[in-house]
Visitor: 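Encoded as structure tokens, here's the structure I'll be asking about.
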There are 2 protein chains.
Amino acid sequence: MAEANGAPRDVEAVSKFVESFAAQLVEAGMQRMPARVFAALLSSDSGTLTSAELGEQLRISPAAVSGAVRYLAQQHMVAREREPGSRRERYRVHSDQWYEALTNREAVIKGWERALREGVDSLGGGSPAGRRLAETLAFFEFVDGEVALMMDRWRIHRERHFGDG
Amino acid sequence: MAEANGAPRDVEAVSKFVESFAAQLVEAGMQRMPARVFAALLSSDSGTLTSAELGEQLRISPAAVSGAVRYLAQQHMVAREREPGSRRERYRVHSDQWYEALTNREAVIKGWERALREGVDSLGGGSPAGRRLAETLAFFEFVDGEVALMMDRWRIHRERHFGDG
DNA sequence: CGCTGGTTTCACAAACTTGTGAAGTTAAGG
DNA sequence: CCTTAACTTCACAAGTTTGTGAAACCAGCG
């Protein structure tokens with residue numbers, strides 16, 4: 001843990017966290033560079049870093065930073081900010097925004113539902129296979145609704161425990 | 001095998017479903033062969049297929065089948081069954097079992113939680129970064145619990161709408 | 001206007017992944 | 001026990017992904 005004197009961030013400790021959390025994200029399917037960039041932002045005090053800072057901290061080229069943040073911005077996991085009167089960009093992680101992004105695997109689930117619906121249609125609801133697909137579809141529709149409610153409950157829970165961040 | 005003229009399975013339609021559902025799974029991060037094998041099982045009437053049937057239907061080698069089912073079995077998405085008095089294996093998808101497997105991204109979430117906990121410890125709960133990590137950790141712990149409850153509700157919902165499959 | 005710090009795009013080499021044929025292993029059935 | 005059907009492992013070729021250096025691009029500032 002860092003001590004008070006000018007709050008020297010323990011570079012070593014931060015790096016250890018970044019790499020280990022990024023590794024988990026990679027395991028869950030995220031690409032390596034976006035995962036590392038995201039972890040770095042998450043563990044920065046201000047919640048923002050510039051391209052240069054990211055490049056230096058992670059030892060990667062400007063090109064890699066550029067690719068990673070483009071991806072993260074598309075997924076709404078980070079926001080881009082231009083600091084006024086400068087050519088520098090800052091990238092920021094909003095906690096709330098990133099939860100939303102996570103649960104917005106919604107797009108993914110919608111894709112599954114579409115494919116399943118077509119399957120049910122073409123195999124017919126009468127066959128055992130058709131019924132299995134219909135049930136699977138029902139499961140995803142159920143989950144969809146429940147996740148939305150769950151996020152509502154989380155916002156309340158969060159408010160109670162953390163105030164608004 | 002010849003079709004009884006009552007219920008001819010539309011091979012073309014099944015294949016179309018298999019490929020389109022598998023494509024969705026791939027997009028969500030699953031490997032190609034496991035995704036195709038899984039989709040094929042899901043859309044079979046009996047919910048089971050032998051290695052040979054899988055190989056023929058998907059036009060892939062025995063080696064590919066072997067690799068795919070090993071993966072799926074590890075993830076508890078299919079069960080292996082040996083038909084008694086035969087060298088043939090059958091692979092089966094249990095609907096319930098596969099929902100469980102899906103929500104058992106739990107293993108994944110546990111990994112994230114572990115990494116975050118270490119991060120909170122080493123960065124210290126006092127710093128802004130530490131607090132951000134702590135909140136993120138709290139979110140995952142919250143989700144963990146909620147998902148378990150959601151699955152309970154699903155089982156009831158399912159029972160009502162589908163009887164026990 | 002053109003210089004300059006900063007970001008993005010592009011082509012490519014290196015690393016990794018994927019699916020295959022073929023050899024190896026296992027066990028049922030003669 | 002030996003044969004043989006069925007599954008698994010292995011080494012590799014083909015294909016894909018990844019991150020880089022270098023060039024192109026952009027926008028503030030003098």
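In this text, all values refer to a predicted model and were calculated from it rather than measured experimentally. Letters A, B, ... are given to chains in the order of the sequence lines, protein chains preceding strands, and every chain is numbered from 1.
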Visitor: Before accepting this row, confirm whether a basic side-chain N of the pair Glu118(A)/Arg114(A) lies closer than 4.0 Å to the acidic partner's carboxylate O.
Guide: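 A salt bridge links Glu118(A) with Arg114(A).
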Visitor: With a cut-off of less than 4.0 Å, is there a side-chain N or O of Arg32(A) near OP1 or OP2 of dT18(D)?
Guide: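 No.
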Visitor: Is the ring pair Trp112(B)/Trp98(A) parallel, tilted or perpendicular, if the boundaries are 30 and 60 degrees?
Guide: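 If you compare the ring of Trp112(B) with that of Trp98(A), the planes turn out tilted.
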Visitor: Can you find a side chain N or O atom of Arg70(A) that sits less than 4.0 Å from OP1 or OP2 on dT9(C)?
Guide: yes
Visitor: In whole angstroms, how far is the P atom of dC7(D) from the CZ atom of Arg90(B)?
Guide: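 Spelled out: CZ on Arg90(B) to P on dC7(D) is 11 Å.
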Visitor: Quick one: label Arg82(B) by what it contacts on the DNA or RNA (base, sugar-phosphate, nothing), any heavy atom closer than 4.0 Å.
Guide: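 No contact.
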Visitor: Tell me: CD of Glu83(A) to C1' of dC29(D), nearest whole Å?
Guide: 16 Å
Visitor: Using whole Å, report how far CZ of Arg88(B) lies from P of dA27(C).
Guide: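 It is 18 Å, rounded to the nearest whole Å.
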Visitor: May I ask you to say what Ser51(A) touches in the nucleic acid, namely base, sugar-phosphate or nothing, with a heavy-atom cut-off under 4.0 Å?
Guide: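 Since only primed, P, OP1 and OP2 atoms lie under 4.0 Å of Ser51(A), the category is sugar-phosphate.
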Visitor: Taking any heavy-atom pair under 4.0 Å as a contact, classify Arg36(B): base, sugar-phosphate, or nothing.
Guide: nothing
Visitor: Just compare dG19(D), dT9(C), dT9(D) and give me whichever is closest to any side-chain atom of Ala63(B).
Guide: dT9(D)
Visitor: Mind calculating the distance between CD (Glu56(A)) and P (dT7(C)) to the nearest angstrom?
Guide: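 Rounded to whole Å, this separation is 13 Å.
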Visitor: Starting from P on dG6(C), measure out to CG on Leu54(A) and report it in whole angstrom.
Guide: 15 Å
Visitor: Is Glu141(A) paired with Arg117(A) through a side-chain N to carboxylate O contact shorter than 4.0 Å?
Guide: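 Salt bridge flag = yes for Glu141(A) with Arg117(A).
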Visitor: Given atom OH of Tyr71(A) and atom P of dG19(D), what is their separation to the nearest angstrom?
Guide: 13 Å
Visitor: Does Arg87(A) put a side-chain nitrogen or oxygen below 4.0 Å from OP1 or OP2 of dA27(D)?
Guide: no
Visitor: Is there a donor-acceptor contact under 3.5 Å from the side chain of Arg90(A) to the main chain of Arg80(A)?
Guide: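 Not confirmed, Arg90(A) side chain does not pair with Arg80(A) backbone.
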Visitor: Rounded to the Å, how far apart are Ile60(B) CD1 and dG21(C) P?
Guide: 12 Å
Visitor: For atom CD of Glu56(A), is the number of surrounding heavy atoms from other residues, nucleotides or ligands below 6.0 Å larger than 12?
Guide: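 Result for CD/Glu56(A): open.
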Visitor: Using a heavy-atom cut-off of 4.0 Å across all strands, would you classify Gly67(B) as base, sugar-phosphate, or nothing?
Guide: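 Gly67(B): no heavy atom of the nucleic acid under 4.0 Å.
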Visitor: Toward the 5' end of DNA chain D, which comes first, Met33(A) or Gly85(A), by nearest nucleotide?
Guide: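 Closest to the 5' end, via its nearest nucleotide, is Met33(A).
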Visitor: Roughly how many Å is it from CD in Glu81(B) to P in dC7(D), rounded to a whole number?
Guide: 14 Å
Visitor: What's the closest nucleotide to the side chain of Tyr91(A) if the choices are dG21(D), dT8(D), dT8(C)?
Guide: dT8(C)
Visitor: Please confirm whether the shortest side-chain N or O distance from Gln31(A) to OP1 or OP2 of dT18(D) is below 4.0 Å.
Guide: yes
